[in-house]
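These notes concern the structure reproduced below.
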Amino acid sequence: MASMKLPDSAPSPTQDCERLSRALQGRGVDENVIVWILGHRNAFQRKEIKETYQQLYKESIIDRLHSKLSGVLKKAMVLWMNEAPERDAMLAHEAFKRRWKRVNQLQALVEIACASSPHHLMAVRRAYCSLYECSLEEDIVSNVSTSLQKLLVSLVSSYRHDRGFVDLNIAKSEAAKLHEAIEKKQLDNDDVVWILATRNLFQLKATFGCYKQRYKVAIDQAINSTGNGDMSFMLRTMILCIDSPEKHFAEVIRASTVGQWNTDKDSLTRAIVTRAEIDMKKIKGEFFKMSNTNLDDVVTREVSGVYRDFLMALIGGKF
């Protein structure tokens, strides 16, 4: 469920574009107007604004925002104004191109493949090829450590059937295969990769349930006990994205705001911008359960300025 609040009667796309054009003119930029308009428009309305702005001013509003805004607000706003497949393609590419890559920065790839539909993953792969003139798989091989390549390539190149049918016999059999690999600490086992990368989400949830019922421990906890570093982290991220994406994104937000010295604004932006129109209400609920704090209060405390106002608009908070 989306959290952002839309006006009862939104202005026409032309009216929005005229106000945005005035806000983006000259040396000074009225960031408050930009956030007030774009932070309260859904995907369909933003698409209309982009098309209308191009017709009226012969210029892409995304390019205009990119040239006039700066810092974290620019990054967040450009992501927000792109279509969802292009947005996720940009996030994946950014993860590859970081100078100092940590495994948690590759979470975006897992989120794209496991916390959205198979159709969306296909759209992201097409967008990636169009934007960067190479495939997602090629960039994984070029930029990711060998130990994670097989898992991530399998993950982004598979097409999970999204039917709701579950075969309990298969679930029991594959739970046993996963348990054997975990017991042997062989997390890169072909069976593990194949099962987690290709089975549909309903089937996998049944498998996770069988695993817990038979072995008296949740599969993510069993994997964590192996201590297998990066592979363990990525598999646990996959399982949480499949089993409860709202818990995963609540944890991403929590982890991004607990740093001793600064907030991980990239992860905070990614979680809020990508999920604002999907399940942000559920994420806010899970965030409260795990931290006993409202997400609105954390955003208000951890970030500032118009960037804070923009994030607050997307999570449906008051600012």
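Position 1 is the first residue of the sequence, and the numbers go up from there. Quick caveat, the model's predicted, so the values are computed rather than measured.
With hydrogens and angles disregarded, a donor-acceptor distance shorter than 3.5 Å links the side chain of Ser158 to the backbone of Ala197. Of the possible donor and acceptor atoms, one in the side chain of Thr226 sits under 3.5 Å from a partner among the backbone N and O of Ile223. Put simply, the side chain of Ser67 gets close to the backbone of Arg64: a donor and an acceptor are under 3.5 Å apart. With hydrogens and angles ignored, the 3.5 Å screen pairs no side-chain donor or acceptor of Lys177 with any backbone N or O of Val192. Counting only distance, with no hydrogens or angles, the side chain of Arg87 and the backbone of Leu79 share a donor-acceptor pair below 3.5 Å. Proximity of a side-chain donor or acceptor of Asn292 to a complementary backbone N or O of Phe288 within less than 3.5 Å is not detected. A side-chain donor-acceptor contact under 3.5 Å links Thr237 to the backbone of Phe233. At distances below 3.5 Å, not a single donor-acceptor pair connects side-chain atoms of Ser173 with backbone N or O atoms of Asn169. Side chain of Asn143 to main chain of Asp139: a donor-acceptor pair is present (N/O by atom type, distance under 3.5 Å, no hydrogens or angles). Judged purely by atom type and a 3.5 angstrom limit, Asp30 uses its side chain to pair as donor or acceptor with the backbone of Val33.
Counting heavy atoms of neighbouring residues, nucleotides and ligands inside a 6.0 Å radius, atom NZ of Lys247 does not exceed 12 of them. The local environment of NZ in Lys68 is crowded, with over 12 non-hydrogen atoms from other residues, nucleotides or ligands closer than 6.0 Å. Around NE2 of His66, the count of heavy atoms belonging to other residues, nucleotides or ligands within 6.0 Å does not exceed 12.
Under the 4.5 Å side-chain criterion, counting only non-hydrogen atoms from C-beta, Met312 is in contact with Asp296. With contacts defined as side-chain heavy-atom distances shorter than 4.5 Å, the pair Pro245/Arg275 qualifies. Inter-residue side-chain proximity for Met77 and Val35 is flagged as met; some heavy-atom pair is nearer than 4.5 Å. Inter-residue side-chain proximity for Ile242 and Arg160 is flagged as met; some heavy-atom pair is nearer than 4.5 Å. Residues Tyr132 and Met90 form a side-chain contact, since some pair of their non-hydrogen atoms from C-beta on lies under 4.5 Å apart. For the pair Gln107/Val110, no side-chain contact is recorded, criterion being any heavy-atom separation below 4.5 Å from C-beta on.
Salt-bridge formation is detected for the pair Glu277/Arg46: a Lys NZ or Arg NE/NH1/NH2 atom is positioned less than 4.0 Å from an Asp or Glu carboxylate oxygen. Of the charged side-chain nitrogens involved, at least one lies within less than 4.0 Å of a carboxylate oxygen, so that Lys75 and Glu94 count as a salt-bridged pair. Checked for salt-bridge contact, Asp16 and Arg41 meet the test: a charged N lies under 4.0 Å from a carboxylate O. One finds no salt bridge joining Arg308 and Glu302 here, because no Lys/Arg side-chain nitrogen approaches an Asp/Glu carboxylate oxygen to under 4.0 Å.
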Evaluation steps, side-chain contact (heavy atoms from CB on, under 4.5 Å), between Ile195 and Leu204: CA-CA 8 Å; Ile195 292 167; Leu204 284 172; 3.9 Å; yes

Would you please test Leu240 and Asp220 for side-chain contact (heavy atoms from CB on, under 4.5 Å) and show each step? CA-CA 8 Å; Leu240 194 55; Asp220 58 319; 5.7 Å; no

Apply side-chain contact (heavy atoms from CB on, under 4.5 Å) to the pair Asn294 and Val298, showing each step before the final yes or no. CA-CA 7 Å; Asn294 288 316; Val298 171; over 6 Å; no

Would you sort out whether Ile219 and Lys212 count as a side-chain contact (heavy atoms from CB on, under 4.5 Å), showing the intermediate values? CA-CA 7 Å; Ile219 187 171; Lys212 185 172 185 179; over 6 Å; no

Evaluate the criterion salt bridge (charged side-chain N to carboxylate O under 4.0 Å, His left out) for residue pair Glu111 and Arg270; output intermediate values, then yes/no. CA-CA 10 Å; Glu111 293 162 4; Arg270 185 183 83 244; 2.8 Å; yes

For the pair Glu251 and Arg236, evaluate salt bridge (charged side-chain N to carboxylate O under 4.0 Å, His left out) and give the outcome as yes or no after the intermediate values. CA-CA 12 Å; Glu251 173 56 26; Arg236 285 183 285 116; over 6 Å; no

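For Gln54 against Ser60, the heavy-atom pair with the smallest separation is OE1-N, 3.2 Å. Smallest separation of non-hydrogen atoms from Lys284 and Ile315: NZ-O, 2.7 Å. The two residues Leu151 and Met234 have their closest heavy-atom pair at CD2-CB, 4.0 Å. Residue Thr263 comes nearest to Ser256 through the heavy atom pair CG2-O, 3.1 Å, listed as atom of the first residue, atom of the second, then distance. Considering every non-hydrogen atom in both Leu314 and Gly39, the closest pair reads CD2-O, 4.1 Å. Closest approach of Trp80 and Leu38 over heavy atoms only: NE1-O, 2.8 Å.
Contacts classified as side chain to side chain donor-acceptor pair (under 3.5 Å) and involving residues 183-202 (residues at least two apart or in different chains) are given here: Lys150-Asp190, Glu174-Arg199, Glu180-Lys184. The ring pair (Phe, Tyr, Trp, His ring centres under 6.0 Å) contacts involving residues 172-193 comprise His179-Tyr211, His179-Tyr215, where partners must be two or more places apart or lie in separate chains.
Of the N and O atoms on the side chains of Ser145 and Ser147, at least one donor lies less than 3.5 Å from an acceptor on the other residue. Checked by atom type, the side-chain pair Glu138/Ser135 shows a donor-acceptor distance below 3.5 Å. Between the side chains of Tyr128 and Asp88, no donor-acceptor pair of N or O atoms lies under 3.5 Å.
A continuous path of ILVMFWY side-chain contacts below 4.5 Å connects Ile37 to Leu6, so both sit in one hydrophobic cluster. The hydrophobic clustering, which links ILVMFWY residues whose side-chain heavy atoms are closer than 4.5 Å, places Leu131 and Val273 together. Cluster annotation: Ile253 and Met290 are assigned to distinct hydrophobic clusters (Ile/Leu/Val/Met/Phe/Trp/Tyr, side-chain heavy-atom contacts under 4.5 Å, transitive).
Connectivity analysis of hydrophobic side chains (ILVMFWY, heavy atoms under 4.5 Å, direct or indirect) links Leu168 to Val166, Phe202. The hydrophobic cluster containing Tyr159 also includes Met122, under a criterion of side-chain heavy atoms closer than 4.5 Å among ILVMFWY residues, counted directly or through chains of members. Taking Ile, Leu, Val, Met, Phe, Trp and Tyr as members and joining any whose side-chain heavy atoms lie under 4.5 Å apart, directly or through other members, Val252 forms no hydrophobic cluster with any other residue.
Not a single salt bridge (Lys or Arg N to Asp or Glu O under 4.0 Å) links Glu48 to another residue, sequence neighbours left out.
Tested against Ile34, the residues Val29, Val306, Leu73 include a single side-chain contact (heavy atoms from CB on, under 4.5 Å) partner, Val29.
Atom CG in Leu109 sits 10.0 Å away from atom CG in Leu121 (nearest 0.5 Å). Taking CZ of Phe249 as the reference point, atom OG of Ser244 lies at 11.0 Å (rounded to 0.5 Å). Note: Ser142 OG to Glu137 CD = 11.5 Å, rounded to the nearest 0.5 Å. If you take CG on Leu196 and OG on Ser154, they are separated by 10.5 Å, rounding to the nearest 0.5 Å. Interatomic distance, Ile182 CD1 to Leu187 CG, rounded to the nearest 0.5 Å: 7.0 Å. To the nearest 0.5 Å, atom CD1 of residue Ile61 and atom OG of residue Ser21 are 8.5 Å apart.
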